Amino acid sequence: MIIKEYRVTLPMTVEEYQVAQLYAVAEASKQETGGGEGVEVQKNEPYDNFPLLNGKFTKGQYTYKIYHLASKVPGWIKMIAPASSLEVHEEAWNAYPYCKTVLSNPGYMKGNFYIIIETYHIADKGQQ
């Protein structure tokens with residue numbers, strides 16, 4: 001397993017960033033979706049009693065999305081790649097300021113491929 005940590009200082013408050021992030025994700029999804037391609041939202045619902053970060057966060061918003069990527073790859077790749085290999089599934093538990101996202105490809109790679117992204121927005125200058 002490879003673990004990478006990145007710290008990015010922002011020129012705004014954590015609260016301002018949350019609003020900007022929600023807007024940017026909604027706009028990007030809207031622009032990339034259509035004609036069977038783009039982002040397919042399967043679930044978008046509140047969750048409760050699901051412990052994250054050692055129980056520090058237990059409620060928030062759960063989303064399950066499927067990213068259809070066939071139109072984003074060159075034609076020769078589409079010809080040789082199975083259709084299921086061109087889909088990425090995303091599960092996210094957003095308990096802002098903490099969010100856990102799991103990316104996978106269950107149609108082709110089954111349980112052999114996943115990426116876990118944990119994001120924690122903290123109002124400091126990267127000292128924690």
Side-chain angles (χ1 to χ4, degrees):
M1 176 186 336
I2 299 171
I3 297 175
K4 299 281 185 180
E5 180 175 324
Y6 300 94
R7 294 177 184 219
V8 179
T9 55
L10 301 172
M12 63 188 78
T13 67
V14 174
E15 293 78 16
E16 291 170 329
Y17 179 77
Q18 181 183 18
V19 172
Q21 180 187 31
L22 291 171
Y23 175 78
V25 168
E27 281 298 305
S29 294
K30 186 170 65 174
Q31 290 176 6
E32 295 296 325
T33 302
E37 282 291 306
V39 182
E40 177 185 348
V41 178
Q42 295 279 312
K43 289 185 181 178
N44 185 1
E45 59 196 24
Y47 71 87
D48 196 359
N49 201 22
F50 187 85
L52 297 170
L53 199 64
N54 299 320
K56 189 171 183 176
F57 301 99
T58 59
K59 62 182 179 177
Q61 193 72 13
Y62 170 79
T63 58
Y64 186 89
K65 300 175 186 175
I66 301 173
Y67 293 88
H68 300 279
L69 306 174
S71 69
K72 304 294 182 194
V73 299
W76 65 271
I77 291 180
K78 283 191 273 191
M79 289 173 51
I80 61 171
S84 60
S85 70
L86 300 174
E87 287 185 352
V88 174
H89 292 234
E90 175 194 272
E91 283 188 279
W93 295 265
N94 188 348
Y96 201 86
Y98 176 80
C99 184
K100 180 177 181 178
T101 303
V102 179
L103 301 172
S104 64
N105 179 248
Y108 182 69
M109 296 292 292
K110 312 289 185 239
N112 297 318
F113 169 79
Y114 63 92
I115 298 172
I116 299 172
I117 303 166
E118 294 181 272
T119 308
Y120 199 173
H121 301 90
I122 301 172
D124 72 0
K125 294 183 180 173
Q127 306 96 315
Q128 288 193 37

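All values derive from a computational prediction rather than experimental measurement.
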**Message:** If I take atom CD1 from residue Ile117 and atom NZ from residue Lys100, how far apart are they, to the nearest 0.5 angstrom?
**Reply:** 11.5 Å
**Prompt:** Going from CG on Asn94 to OH on Tyr47, what distance comes out if it is rounded to the nearest 0.5 angstrom?
**Reply:** 7.0 Å
**Request:** Treating Ile, Leu, Val, Met, Phe, Trp and Tyr as nodes and any side-chain heavy-atom pair under 4.5 angstrom as an edge, say whether Tyr98 and Tyr62 lie in one connected cluster.
**Result:** yes
**Distance in Å, Tyr114 OH paired with Ser104 OG, rounded so as to fall on 0.5 Å steps** = 11.0 Å
Under 3.5 Å, side-chain donor or acceptor atoms of residues 1-20 against the rest of the protein: list the pairs with distances, not counting sequence neighbours.
| unit_1 | atom_1 | unit_2 | atom_2 | d |
| --- | --- | --- | --- | --- |
| Glu5 | OE2 | Arg7 | NE | 2.7 |
| Glu5 | OE2 | Arg7 | NH2 | 2.8 |
| Arg7 | NH1 | Gly126 | O | 2.6 |
| Arg7 | NH1 | Gln128 | O | 2.3 |
| Arg7 | NH2 | Gln128 | O | 2.6 |
| Thr13 | OG1 | Glu16 | N | 3.0 |
| Thr13 | OG1 | Glu16 | OE1 | 3.4 |
| Glu16 | OE1 | Thr13 | N | 2.9 |

**Asked** How long is the span from the OG1 atom in Thr63 to the CD atom in Glu90, to the nearest 0.5 Å?
**Response** 5.5 Å
**Asked** To the nearest 0.5 Å, what is the distance between CH2 (Trp93) and CD (Glu118)?
**Response** 10.5 Å
**Asked** When hydrophobic residues are tied together by side-chain contacts of less than 4.5 Å, even through go-betweens, does Tyr96 share a cluster with Val25?
**Response** no
**Prompt:** Does the side chain of Thr119 reach to within under 4.5 Å of the side chain of Thr101, using non-hydrogen atoms?
**Reply:** no
**Contact summary for Leu53 and Tyr120, nearest pair of heavy atoms** = CD2-CE1, 3.5 Å
**Message:** Ignoring hydrogens, what is the shortest heavy-atom contact between Gly107 and Ser84? Give both atom names and the distance.
**Reply:** O-OG, 3.4 Å
**Asked** Can you hop from Val102 to Val88 via hydrophobic side chains spaced under 4.5 Å?
**Response** no
**Message:** Quick check against the 3.5 Å criterion: does Asn105 have a side-chain atom that pairs as donor or acceptor with the backbone of Glu87?
**Reply:** yes
**Prompt:** Out of curiosity, does Ile116 fall in the hydrophobic cluster containing Ile66 (side-chain heavy atoms, cut-off under 4.5 Å, transitive links)?
**Reply:** yes
**Asked** Tyr64 vs His89 aromatic rings, parallel, tilted or perpendicular, using cut-offs 30° and 60°?
**Response** perpendicular
**Item:** Heavy atoms from other residues, nucleotides or ligands near OH of Tyr108 exceed 12 (cutoff 6.0 Å)
**Value:** no
**Prompt:** Val73 and Met79: same hydrophobic cluster, using ILVMFWY side-chain contacts below 4.5 Å?
**Reply:** no
**Prompt:** Atom CZ in Phe50, atom OG1 in Thr58: separation rounded to 0.5 Å?
**Reply:** 11.0 Å
